[in-house]
Amino acid sequence: MHVKLRNNLLSMDDHFPLTDTPPHADWQRNLADAITKPAELLALLELDPDLPALDGSALRDFPLRVPRGFAARMRRGDARDPLFLQVWPASAEQQPTPGFTRDAVGDLAKLKPGGVIHKYHGRALVIATGACAVHCRYCFRRHFPYGEAIAARGQWRETLTQLAADDSIEEAILSGGDPLALSDDKLAALAAGLDKIPHLRRLRLHTRVPVVLPERVDSVLCSWLSQSRLQKIIVLHVNHPNEIDAAVGAALNRLRAAGATLLNQAVLLRGINDTAGTQIALSEKLFAQGVMPYYLHLLDRVEGAGHFEVDSLTAGNLMREISARLPGYLVPRLVREIAGAPAKTLLPW
Ligand SMILES: *Cc1c(COP(=O)(O)O)cnc(C)c1O
Ligand code: SF4
């Protein structure tokens, strides 16, 4: 299939040299050119160069990583900026928090060959890659031993075999890491393989890339996506309304034009999006871009993320406030992932 895509592209380029989406070399260059040095980020944001940060091996384990376009949406001179706080390797990560562990959601026990994690009925998640365009400090995958799990190695043979062998699986969820960090050749080959599995009906992507690197959503991506016979769902990850600018809005439009239903999952983060005003603005901005709020996750209790936690009582109060002010369809479901549960656990409030 990727051969066909390439041929289409070549002939398109011959006849229509001007396209409204950037050529794919751009996103790969920008992905590689992300900010990785704490001092560089501080200088760019005009912040105090002595702002406490992780150093040495603590930072090597899960380095700073911010695409330049995402950093451009951060306020200058504001160390409390909600986008900055999501990526800044604060020294607080080194404080141990009781109950915060390395595999907080029990994924390792469920991992099968080909990177497949089948925890819930009817849908199986594929760890397509360990790479991400951005490193979110609260992420529960920060300690995940990806070396063992990455499905994109080889020709997806193991992954496709696993999914084909269980006809209760109707939905394949590409996750990671971030599946859109992979090349379109790899993704198109996987999508073509999934198309041929008769019991699959839906293809879902869990991705933050359209938000942090919107130029990734180019004509090549939209081409293989729209060609799939499967129903397409893209679950984005936006935590704060400031993450959505015009370029992100345009990328979301392209995804919808390619036939995808757009949903959002956010993580409730202390000091970042834990007020009713922020949550309401987020839901409204998402909906204005054609995205339905889906989940609001309580933080997974992963080592190094304790300083981001919002307790469930505070979260419940927040939910009451936002549901008193928004139509029901703009209120995300408040959930927590509990190892061994048959679904995300809906929290009462
Ligand atoms: C969260 C998750 C899913 C998707 O759950 P939905 O409730 O369908 O969004 C599927 N598989 C795994 C392993 C998950 O962690
Ligand atoms: S993009 Fe997603 S998987 Fe990657 S670090 Fe952020 S939250 Fe984690």
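Both counts, for ligands and for their atoms, begin at 1 and track the order of listing. Note that the structure is predicted; figures quoted are calculated from it, not measured.
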Using the ring of each side chain (for Trp, its six-membered ring), is F287 parallel, tilted or perpendicular to Y329, with breaks at 30° and 60°? tilted
S228 and D195 side chains, donor-acceptor separation under 3.5 Å: yes
Would a hydrophobic clustering, with Ile, Leu, Val, Met, Phe, Trp and Tyr connected at side-chain separations under 4.5 Å, put L263 with L205? no
For ligand 2, is G177 a contact, meaning one of its heavy atoms is under 4.0 Å away? yes
Under 4.0 Å to a heavy atom of [X] - the qualifying atoms of ligand 1, by number:
X    : result
Y294 : 6 (P), 7 (O), 8 (O), 9 (O)
Y295 : 6 (P), 7 (O), 9 (O)
I117 : 13 (C)

One thing to verify: whether [Y] and [X] come together as a salt bridge, which I'm taking to mean a side-chain N less than 4.0 angstrom from a carboxylate O.
X    : Y    : answer
E171 : R123 : no
E40  : R68  : yes
R216 : D184 : yes
E243 : K285 : no

If you compare Q86, Q265, H237 by their heavy atoms, the one closest to atom 7 (S) of ligand 2 turns out to be H237
Does any N/O atom on H206 come nearer than 3.5 Å to any N/O atom on ligand 1? no
Ignoring angles and geometry beyond distance, decide whether K119 reaches within less than 3.5 Å of ligand 1 through its nitrogen or oxygen atoms. no
V291 pairs by side chain to side chain contact (heavy atoms under 4.5 Å, CB included) with which of L282, V235, L262? L262
Going by the side chain to side chain contact (heavy atoms under 4.5 Å, CB included) test, name the single residue among L163, L194, L160 that passes it with V126. L163
How does [X] reach ligand 1, by side chain, by backbone, by both or by neither, if only non-hydrogen atoms under 4.0 Å count?
X    : value
E171 : neither
R204 : side chain
I173 : side chain

Below a 4.0 angstrom heavy-atom separation, can you tell me which part of C132, side chain or backbone, both or neither, approaches ligand 2? side chain
Closer than 4.0 angstrom: is that true for some heavy atom of E337 and an atom of ligand 1? yes
State the atoms of ligand 2, each with its element, that fall below the 4.0 Å cut-off from a heavy-atom position in R208. 1 (S)
